[in-house]
Amino acid sequence: MAEMNKDSVAEILTQIATMLELKGENVFKIRAYQNAARAMETFSGNLAQVVGEGKLAEVPGIGKAIAEKVTELVVTGNLSYYNILKAEFPPGIFDMFGVMGMGPKKIAAVWEKLDITSVAELEAGCKDGRVAGLRGFGEKTATNILKAIEDRKKHAGRFRMGEIAGDAEQMLDDLRSLPDVTRVAACGSYRRCRETCGDLDFLVSTNSPESVSEFFVKHEMVESVIAHGATKSSVRWKSGIQADMRVVKDTEFAFALNYFTGSKEHNIVMRQRALARGWTLNEYRLGAADGGNAEIPTIREEADLYRALGLDFIEPELREDRGEFIAAEKHTLPRLVEVSNLRGTFHNHTTASDGRNTLREMADAAEELGLQYLGIADHSKSSVQAHGLDEARLLAQVAEIRAMNKQSSFRLFAGSEVDVLKDGSLDFSDEILAQLDYVVVSVHNAFSMSEAEMTKRIIRAMENKYVTMLGHLTGRLLLQRDAYAVDIPAVIEAAAATGTIIELNANPRRLDMDWRWWPLAKEKGVKCAINPDAHHTSQLQFLRFGVGTARKGWLERGDVVNCLPLGEIATVLTAKRG
DNA sequence: GCCGTTTTCGGCCCGACTGTTTTCAGTCG
């Protein structure tokens, strides 16, 4: 078995939980394994060290039994309990969890009664009537399973923010315009600004639930209706994403908004805090717990609820149970950066390389957005596929930018997105780089080198004193291409040591560096630049996705260099040159 | 299987919808 890190340990614990579900084990034992997996994922210490010291059971959520199993896993790379358990199941059976409506009980039933062990066999069993004949199943169930198998083929996976935000905002506007609607919100991962969403959750408060539900399921975006009840409806949109809507009374709105925003882990802590105060919290109200007689406070807004639970208001982006409760108790939550704080942005392309709009068009669009300055960073000569600029074309562009700056109060900065070559050297000489206002460096090729080599390559590039910032650190394309192997903490450390800014690439296909790493960067004193990587004037709007991601990373205005006004930004860009 | 400043035993978050039942199980979020 491969070397065990905390993610692979978490994966094995999750698989154990799934197998115990199929066996019909005690639900709390199953939950214990799920909790332990979650504890491993968020564990921030050195796993090998804690195992070596025998202190694993001190981690919350991990007790004696699971600590022993994890220790065996880390020490030997193997776990006999897991191996024995896994041998009991045909391998294809786990794929059936991916079919909507198929849970552990149904999967166990078709396996035991019909010897169905894969999605393909399940499909056949539904078509020939065997599934419908099972006790607890029926014609309707078989039909729904077949539909779910089709949906799974058609709509596999998740959706990037950039693909769904337009429709989501349209739906919000349309719901707000209805006469009987009081309050409207999008909840779930969309409100928390996750990089991808599996579905969309809408919440509406109204005294006329039927008409609002009717409107939702008959909207022109809808492709098919999955469920249509009095207070809860689910539809599939033409874009492929599932959209759910809950309808509540306005007095319930704050509770429902909080509940459906999540995350699930955040909600669990909220409920526990309510219980600790003699209340029970659900999506409709704060009530008296059994035997509790604590007075119930009046809650109208989410902030009232947090206050009642002894907390400062926690912004939705932070609700991932990654330390927000401790900070909210101690009044040390960050004041998160906002779109309106941005004064400019770097890393944008023009027709000189692979952009679709001219320098002038890009400048006008940025000014129209209310920005004070715009950095241009077209590709360098090694990016042949993107028509990268050679030295002569780059210097001509610099001259053009200087000339434009003389004619306008809007400021353009002349930069370049310089390729980091395989050995960590740069695509332009220092003499050329010295003539630019700033330099972005990015990796665009040789993605498959080892983690050690890639890390060395990137750090060498950052050590150049002309390099202002590091572009899209991991090269990932969400839902498309994984990040290349790179030691992110080491890169953050090098950024701190060299004074190099790290980009938060706001293109919704990238959102790179990932939000989970920004608290570490901030702790090390590394600054962030939120850049849209715009190849078209309309893509300057990607900044909003970047700000959402920065907020998830606990970043404040002072952490983001492009919040600085024009008078202060220029010196920051060349600070490394000394 | 985990947890504990009321507990080392007895709890563990909970409501809506669907379909199959004829009062509820399963799934989802």
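Since this is a predicted model, take the numbers as computed values, not measurements. A note on names: the letters A, B, ... follow the listed sequences, proteins ahead of strands, and every chain is numbered from 1.
Judged by Watson-Crick or G-U wobble contacts below 3.5 Å, the nucleotide B:dT27 has B:dA16 as its partner.
A gap of 23 Å separates the P atoms of B:dC13 and B:dC17, to the nearest Å. Comparing B:dT8 with B:dG4, their P atoms sit 13 Å apart, to the nearest whole Å. Separation of the C1' atoms belonging to B:dG26 and B:dT20 is 11 Å when rounded to the nearest angstrom. Across the C1' atoms, B:dT7 and B:dG11 are found 9 Å apart, a figure rounded to whole Å. Separating the P atom of B:dT5 from that of B:dG1 is a span of 23 Å, rounded to the nearest Å.
What separates CG of A:Leu275 from C1' of B:dC14 is a distance of 11 Å, to the nearest Å. The CD1-P distance, from A:Ile268 to B:dG11, rounds to 20 Å in whole Å. Computed from coordinates, the A:Phe216 CZ to B:dC17 P distance equals 13 Å when rounded to whole Å. The nearest whole Å value for the distance from the NE2 atom in A:His228 to the P atom in B:dC17 is 10 Å. Remark: P of B:dC14 and CZ of A:Arg285 are 13 Å apart, rounded to the nearest angstrom. Between A:Leu286 atom CG and B:dC14 atom P there is a gap of 13 Å when expressed in whole angstrom units. Nucleotide B:dT18 holds its P atom 11 Å from the CD1 atom of A:Ile226, rounded to whole Å. Rounded to an integer number of Å, the gap from NZ of A:Lys140 to C1' of B:dC17 is 12 Å.
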Original post:
Reading nucleotides 21-29 of chain B 5' to 3', which nucleotides get B (base under 4.0 Å from a protein heavy atom), which S (sugar-phosphate only), which -?
Top reply: S----SSSB
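Using a 4.0 Å cut-off between a side-chain N of Lys or Arg and a carboxylate O of Asp or Glu, A:Arg194 and A:Glu320 qualify as a salt bridge. The existence of a salt bridge linking A:Arg516 and A:Glu195 is confirmed by a sub-4.0 Å separation between a basic side-chain nitrogen and an acidic carboxylate oxygen. Comment: A:Asp250 engages A:Arg300 in a salt bridge, judged by a side-chain N to carboxylate O separation of less than 4.0 angstrom. Using a 4.0 Å cut-off between a side-chain N of Lys or Arg and a carboxylate O of Asp or Glu, A:Arg183 and A:Glu301 qualify as a salt bridge. Note on A:Arg319 versus A:Glu302: salt bridge recorded, some NZ/NE/NH1/NH2 to OD/OE distance being below 4.0 Å.
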**OP:** Run the numbers on A:Phe325 and A:His266 for ring pair (Phe, Tyr, Trp, His ring centres under 6.0 Å), then give the verdict.
**Re:** CA-CA 9 Å; A:Phe325 287 103; A:His266 182 92; 4.6 Å; yes
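Side-chain contact, A:Asp174 with A:His219: a donor N or O sits under 3.5 Å from an acceptor N or O.
Contact annotation: A:Asn144 side-chain N/O to B:dT18 OP1/OP2 distance is not under 4.0 Å. Remark: A:Thr141 is not in phosphate contact with B:dT18, judged by side-chain N or O atoms under 4.0 Å from OP1 or OP2. Note on A:Ser234: every side-chain N or O is 4.0 Å or more away from OP1 and OP2 of B:dC17. Within the structure, a side-chain polar atom (N or O) of A:Asn282 is placed less than 4.0 Å from OP1 or OP2 of B:dG15.
Looking at heavy-atom distances under 4.0 Å, A:Leu281 makes no contact with the nucleic acid at all. Backbone-only contact: A:Ala230 has heavy atoms under 4.0 Å from sugar-phosphate atoms and none from a base. Within 4.0 Å (heavy atoms only), A:Ile66 reaches sugar-phosphate atoms of the nucleic acid but no base atom. Residue contacts for A:Glu25: at a heavy-atom cut-off of 4.0 Å it reaches no nucleic acid atom on any strand shown. Backbone-only contact: A:Gly61 has heavy atoms under 4.0 Å from sugar-phosphate atoms and none from a base.
Side-chain proximity of A:Arg271 to B:dG15, B:dT20, B:dC14: nearest is B:dC14. Side-chain atoms of A:Gln272 lie closest to B:dC13 of the nucleotides B:dG15, B:dG19, B:dC13.
Using cut-offs of 30° and 60° on the angle between ring planes, the pair A:Phe313 and A:Tyr306 is perpendicular.
Put simply, the side chain of A:Arg285 does not reach to within 4.5 Å of the side chain of A:Ile296, judged on heavy atoms.
Between A:Gly138 and A:Ala67, it is A:Ala67 whose nearest contact on DNA chain B lies nearer the 5' terminus.
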